[in-house]
Amino acid sequence: MRGNKCVFIFFQQDGSSQYHLGASYIVAYLKKNGINASQFICSNQLSVSELTDRILDLRPVFAGFTCFDANYFLVKKITSAIKQKTPTVLTLAGGPTATFSDMNIMQDTKALDFCVRGEGELTVLELLSQGARKNLSKIKGITYRLNNKIIRNPGRPLIKNLDAIPSPYLSGVLDPADVLRVNSEIPLLTSRGCIFNCSYCNFAAMSRHTIRYHSTRRIIREFQLISSKIHDYHHRKIAIQDDIFTFNKTRVSRICDKISAHKLKLRFSFLTRPDFIDEGILKELHAAGFEHIKFGLESASVDVLFNIKKIKGQALEKTGIFTAEKNFIGKVKKITYSAKKLGFHVNISVIFGLPGDTYEKAIKTINFLRELNPTTYVHNFLNIFSGTQIAKEHLQWGIRIPPFKFKQVVSDPVLNPVNYAYNVYKIPRLNNDLESLNFFNATGQVFLRNMTGIYGGTENRKRNIDVVVAAKKFPVQWMENNLALGSSFIFGKNVEILLSGRRTGHLSLLVNTASFLHPRYSCLSVAGLENRVLDSFKRSLNFKHLADYSSVDSGCIYKIADNQDMLALKNQLVLFKKGKNKNIIILDSCRWHRKCPLSNLSRLVLGESGKVCTCFSGTVVGRTAQGVEVLSSRISALMQKIQAERGCKYCPANNVCSKCISLDKITAKEYCRARKSLGTEEYVESLFFTNQLILTKGNVW
């Protein structure tokens, strides 16, 4: 196999690796200059060791990582693993985190040899062409190690003529059909940069607050190629990733005219700002195939917009009038209504926790979104990135962050890297929140699977396991060796309540993907579940539906602990069918479902002293000193033994029974009688559907 001079890797947080447009431009430029390079694409769920072996199979001289704050933990893990297995491979990181936090990540990750700051095409070419550690001081835009010191060379000027960089599509580096097999859309740039100075954004700082354009001729050639490669119109989805696609309206009109002239039938999404678009341009875009418009509101409070410098050219002194900010909010309203009327999918992003933001102002933003009713919106919390103004001024706004958040350790899983001036997690999410809509389809299923035990996985899920961590100390090494990076975890301050069976106690739960590898703990807080209470079915069910949007009280998680609870479970089916008491989650409801998570080793509970349990009320099946294969074998033997003792083979409920091996306070006789007569299968299926409605249509997760 021919080796690669450089293999580029862009990790998602679940450990999968996708095409990255920035890396694709670098690969195309290297190819133009006679250097063989490629991108590592992997959609499988693999462990750290397996991912490392796959990358090394490509025989790279350099391994290059696209590095954001969100995936830095994986960059650190994989670079370290690469160096352990093949020390001669040189590692480099590019992207925003490598540009603005280069000194920090070089100090934190000893396995990282280079950071490439800013645009990477020319810098990476010089670095790879040199091939040895000589004359590194002459390469602009790199940070590197020399004699146990970290050296930061001067920055490199921006590329003036963007068309000098080959198109990844026209050069054959990217095949649109291959991209669609990994990504949901085909990413494409028609320009680079942004002229604005928003204090929370480091992308504009990457381009030094300038915009440069590709020629219309090249853009149309790329559109034509994509059209010729993708035969199904419905799959011809192009995501224009310019920061402000409609900044130059004359240019946009010219592109639309060319699309029509060449009779290109394509579907587009694009990013822009509402103050750089009007109804006329919207009509031209819609006629040319643009369907999805995205822009940022950030806040509906004019003083917050002023604080973050959302409007360019605003007065330096605060006058209290905020004319520009009021006009901006007016444009958001006007463009949203116009775009929706034309048939656009309108997506608006907001950020909570910004400088000067308060709970009352956040509610004002939520109410403004409710009035606008965009197709979807993005419910963001402020992230503080190096290279931004907020990173320098956060303390004066009552926002506290650790000195270097990457260095947080895995001893406190509920530690949040950002402490805001108010509790941003109390802000209710609307029905059209994009993350909540996706939550059930992705991470939300993790919570439901772990809490209710309802599984629909395939039988071959042996390494991608949902794990409940009840121990104070994470068995990190065991997890890395046995679990895929896509395994999911639920843990929290009061997770012991779930194991103890105590009837009451407020739960503070967090869900994340690959969180055991994530020293930042940017865990997804399950909003609305913080105040749930673990309780029994014995008391009457009296749920609050969130009419008051300031409330996060969302009822109880119910534990079925004895025969009396089983009877109450059956009675609730009547209320459910009448449309009452829908806000229900049952702990370990897999006991009443046909699919036991142990049958395909889909869930484990890790307790103290290395104990591995079947579930919250579960039987100890082993310890973390044992591998997954050993645990799987022990569980299988235990299930076979219990089924033989109960006579499951001859039971009329055999096909719908999960044959639970961890019955808690219910006897096997009571359990079997209930499975034969109480209709619990129908009820739990109904609860699963109810939870889906809550996640996608309610105001809590």
Side-chain angles (χ1 to χ4, degrees), residues 10 12 16-25 27-28 39 41 43 162-163 165-192 213-249 251-272 277 281-295 339-347 374-376 378 434 437-438 441-442:
F10 172 50
Q12 303 293 302
S16 64
S17 183
Q18 295 187 356
Y19 288 104
H20 186 268
L21 194 55
S24 302
Y25 278 103
V27 172
Q39 292 191 69
I41 306 300
S43 58
L162 286 189
D163 280 3
I165 306 299
S167 161
Y169 299 104
L170 298 176
S171 63
V173 166
L174 290 181
D175 184 309
D178 288 340
V179 172
L180 278 181
R181 278 190 280 270
V182 178
N183 299 28
S184 59
E185 295 178 300
I186 301 169
L188 192 143
L189 283 171
T190 77
S191 69
R192 293 186 185 182
Y213 296 105
H214 285 293
S215 65
T216 302
R217 179 176 179 274
R218 167 164 155 163
I219 295 165
I220 296 302
R221 286 179 60 209
E222 289 179 307
F223 290 170
Q224 289 175 316
L225 175 71
I226 292 169
S227 180
S228 68
K229 292 283 187 176
I230 308 299
H231 302 297
D232 186 346
Y233 166 74
H234 296 287
H235 293 157
R236 294 176 182 171
K237 298 179 180 179
I238 299 176
I240 304 294
Q241 296 190 341
D242 304 22
D243 291 310
I244 315 175
F245 177 60
T246 60
F247 181 76
N248 186 328
K249 295 178 185 177
R251 174 177 176 270
V252 170
S253 292
R254 187 163 60 247
I255 291 173
C256 290
D257 289 342
K258 292 293 184 181
I259 291 173
S260 299
H262 287 84
K263 298 181 179 180
L264 297 175
K265 301 296 182 182
L266 297 165
R267 304 173 65 194
F268 297 95
S269 65
F270 68 101
L271 301 168
T272 191
I277 195 165
I281 288 294
L282 277 174
K283 289 179 179 178
E284 292 184 54
L285 288 166
H286 191 260
F290 288 78
E291 303 175 337
H292 195 140
I293 178 174
K294 310 173 189 178
F295 56 81
K340 285 176 61 180
K341 186 176 180 180
L342 287 168
F344 277 94
H345 178 123
V346 180
N347 178 260
T375 316
T376 55
V378 183
L434 187 61
L437 292 172
N438 292 333
N441 296 323

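Side chains included, hydrogens not; waters and symmetry mates left out as well; all remaining heavy atoms used.
- Between the side chain of Thr272 and the backbone N or O of Ile244, no donor-acceptor pair lies under 3.5 Å.
- Residues Ala28 and Ser171 share a closest heavy-atom pair of CB-OG, 3.6 Å.
- Residue Ile238 holds its CD1 atom at 6.0 Å from CD1 of Ile186, rounded to the nearest 0.5 Å.
- Remark: aromatic rings of Phe223 and Phe268 are close, center separation under 6.0 Å.
- Enclosure of atom NE2 in His235 is not indicated, since only 12 or fewer non-hydrogen atoms of other residues, nucleotides or ligands lie within 6.0 angstrom.
- Residue Pro166 comes nearest to Tyr25 through the heavy atom pair O-CD2, 3.7 Å, listed as atom of the first residue, atom of the second, then distance.
- Expressed to the nearest 0.5 Å, how far CG of Leu282 lies from CD1 of Ile293 amounts to 5.5 Å.
- Ile281 has its side chain within reach of Ser253: a pair of non-hydrogen atoms, C-beta onward, lies under 4.5 Å apart.
- Residue Lys294 places its NZ atom among more than 12 non-hydrogen atoms of other residues, nucleotides or ligands, all under 6.0 Å distant.
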task = Test side chain to side chain contact (heavy atoms under 4.5 Å, CB included) on Ile259 and Phe290 and set out the steps.
result = CA-CA 11 Å; Ile259 291 173; Phe290 288 78; 4.0 Å; yes
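- Taking CG of Leu180 as the start and CZ of Arg236 as the end, the distance is 11.5 Å to the nearest 0.5 Å.
- In terms of modelled atom types and a separation under 3.5 Å, the side chain of His286 and the main chain of Leu342 share a donor-acceptor contact.
- For the pair Val346/Phe295, a side-chain contact is recorded, criterion being any heavy-atom separation below 4.5 Å from C-beta on.
- Within 6.0 Å of NZ on Lys340 lie more than 12 heavy atoms contributed by other residues, nucleotides or ligands.
- Ring geometry, Phe270 versus Phe344: the interplanar angle exceeds 60°, so the pair is classed perpendicular (tilted spans 30 to 60°).
- Side-chain contact check for Ser16 versus Val182: every heavy-atom pair is 4.5 Å or farther apart.
- Side-chain atoms of Gln39 come within 3.5 Å of backbone atoms of His20 as a donor-acceptor pair (strictly under, hydrogens ignored).
- Rounding to the nearest 0.5 Å places OG of Ser215 at 9.5 Å from CZ of Arg254.
- Here the closest heavy-atom approach between residue Ile230 and residue Pro176 is recorded as CD1-C, 3.9 Å.
- Interatomic distance, NZ of Lys258 versus CZ of Arg221, reported as 13.5 Å (0.5 Å rounding).
- Checked against salt bridge (charged side-chain N to carboxylate O under 4.0 Å, His left out), Lys249 has the following partners two or more places apart in sequence or in another chain: Asp278.
- Proximity of a side-chain donor or acceptor of His262 to a complementary backbone N or O of Leu264 within less than 3.5 Å is not detected.
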query = Can Asn347 and His292 be said to form a side chain to side chain contact (heavy atoms under 4.5 Å, CB included), step by step?
reply = CA-CA 8 Å; Asn347 178 260; His292 195 140; 3.8 Å; yes
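- Distance NE2/His214 to CD1/Ile219: 7.5 Å, rounded to 0.5 Å.
- Of all non-hydrogen atoms in Gln18 and Ile41, the two that sit nearest each other are C-CD1, 3.5 Å.
- Applying the salt bridge (charged side-chain N to carboxylate O under 4.0 Å, His left out) criterion to Arg267, with sequence neighbours excluded, gives Glu291.
- Sorted by first and then second residue, the side-chain hydrogen bond (donor to acceptor under 3.5 Å, both in side chains) pairs involving residues 174-192 (not counting sequence neighbours) are Glu119-Arg192, Glu121-Arg192, Asp178-Arg181, Glu185-Ser269, Thr190-Asp242, Thr190-Arg251, Ser191-Asp242.
- With contacts defined as side-chain heavy-atom distances shorter than 4.5 Å, the pair Leu285/Phe245 qualifies.
- Taking every heavy atom of both residues into account, Val179 and Pro187 meet most closely at CG1-CD, 3.8 Å.
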